[in-house]
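Nothing fancy with the numbering, it's 1 onward along the sequence. Just follow the structure's listing: the first ligand is 1, and inside any ligand the first atom is 1.
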Amino acid sequence: MLREEVYAILAARRGQFVSGQDLSDQLRVSRAAVWKAVEALRRTGCTVEARTGLGYRLVDEGDGLTAQRIAACLGTPRDNIHVLDSVESTNDTCKLLAARGASDGTVVIADRQTAGKGRLGRRFISPAGQGLYLSVLWRPDCPPEALLPLTALAAVAAARAVERLGGKAPGIKWPNDLVLEGRKVCGILTELSVEAESDHVAYVIAGIGINCRQQRADFPEELQSIAGSLDMALETRVPRAALAAALIRELDELRSRVLFAPHLWWEEYRARCLTVGKRVQIVLRDARQEADALDVDESFGLVVRYDNGLTETVRSGEVSVRGLYGYI
Ligand code: BTN
């Protein structure tokens, strides 16, 4: 796309003016086309200064989320990252791609989701320009049980990406909500398709939603004491394209090294897990029971002790764990 080619040249010569003629020669398009591409770039949030006789200069790259910017942050070209303006749900788009044969490692990112999905049938509010909504499709050759730790491991991947760029270590509310300053900044929804005949996984999708730019008043009233964003919690502003690239790197690492050796990230998960040691309420459909959260076992289940003395390990599928004193 011409807009991104213009961006690449201006970004490579950051701070310097590049003449319209120079751009049109390099890109083999008319100067009018260059001007249109600069206008399109501005619409993505970039500040581009234009001066007669000097040309164009990139002043601020804004927070645009495009395949080229993500690739520039990744440093290696990849043809399986799809960046879209608006979708119902990146998990659902991934499923469509999976049905058409998309390969292991395909990533779908959207600037906005109109029907973002959360765990346990909830919705995930996903306004344009405010968050990172990313799903990755994998095709591991294994039975479904082998992927039990995935939802927790995806939380570690997301926490690492946020920490690398934001400088603060997110905690994890079991099983996989990222928490900064006591508020949920990220949710994860994993979905699985199993081949009926072989009882093996056909594909798995890990969908990660990170609130980036929101302020308290941007969330619906009922979520304002619970939900947060990176901007609310961090001193630095983490650009969404850089965050997407960092997250893709961590997910690559998870897929290639950790998925079938989950113990590699187990200690880190436990260290980040904020639920252990807390008084919680275990909600399974309509039944609620209070308990003490004791530990996380080696398959990332939460070990709890009920008030009658019985201990149980709860798994993430259908259970919701609520803090009794606040969100965690
Ligand atoms: C939760 O907190 O309940 C899980 C939220 C998961 C949201 C992400 S955003 C990207 C992907 N697409 C979706 O529709 N949901 C996940």
Do [X] and [Y] get their side chains close enough for a donor-acceptor pair, meaning under 3.5 Å?
X      : Y      : value
Thr106 : Asn80  : no
Glu88  : Thr114 : no
Ser229 : Gln214 : no

Which of the atoms of ligand 1 are close to [X], meaning less than 4.0 Å from one of its heavy atoms?
X      : answer
Gly116 : 14 (O)
Leu189 : 6 (C)
Ser89  : 12 (N), 13 (C), 14 (O)
Ser135 : 11 (C)
Lys117 : 5 (C), 6 (C), 7 (C), 13 (C), 14 (O), 15 (N), 16 (C)

Write out the residue and atom name of the closest protein heavy atom to [atom], then the distance separating them to 0.1 Å.
atom                   : result
atom 2 (O) of ligand 1 : Lys184 NZ, 2.5 Å
atom 5 (C) of ligand 1 : Phe124 CD1, 3.5 Å
atom 8 (C) of ligand 1 : Gly209 N, 3.6 Å
atom 9 (S) of ligand 1 : Gln113 NE2, 3.4 Å
atom 4 (C) of ligand 1 : Ile188 N, 3.4 Å

- Message: Any nitrogen or oxygen of Thr90, side chain or backbone, less than 3.5 Å from one on ligand 1?
- Response: yes

- Message: Does ligand 1 come near enough to Arg119 that some N or O of the ligand is less than 3.5 Å from an N or O of the residue?
- Response: yes

- To the nearest 0.5 Å, how far apart are CZ in Arg322 and CZ in Arg288? 4.5 Å

- Query: Within less than 4.0 angstrom of ligand 1, does Glu88 place any heavy atom?
  - Reply: no

- Note on the structure: Partner of Glu290 under side chain to side chain contact (heavy atoms under 4.5 Å, CB included), picked from Val304, Asp307, Val280, Ile282, is Asp307

- Note on the structure: Correct closest heavy-atom pair for Glu181 and Ala233 would be CG-CB, 3.7 Å

- Tell me, please, which residues at least two apart from Asp177 pass side-chain hydrogen bond (donor to acceptor under 3.5 Å, both in side chains). Lys184, Tyr327

- Message: Quick one: does any side-chain atom of Gln113 pair with a main-chain N or O of Thr90 as donor and acceptor, under 3.5 Å?
- Response: yes

- Task: Please answer whether the main-chain N or O of Asp63 pairs with a side-chain N or O of Arg240 as donor and acceptor at a distance below 3.5 Å.
- Result: yes

- Task: Could you see which bit of Asp92 sits under 4.0 Å from ligand 1, with heavy atoms only: side chain, backbone, both or neither?
- Result: neither

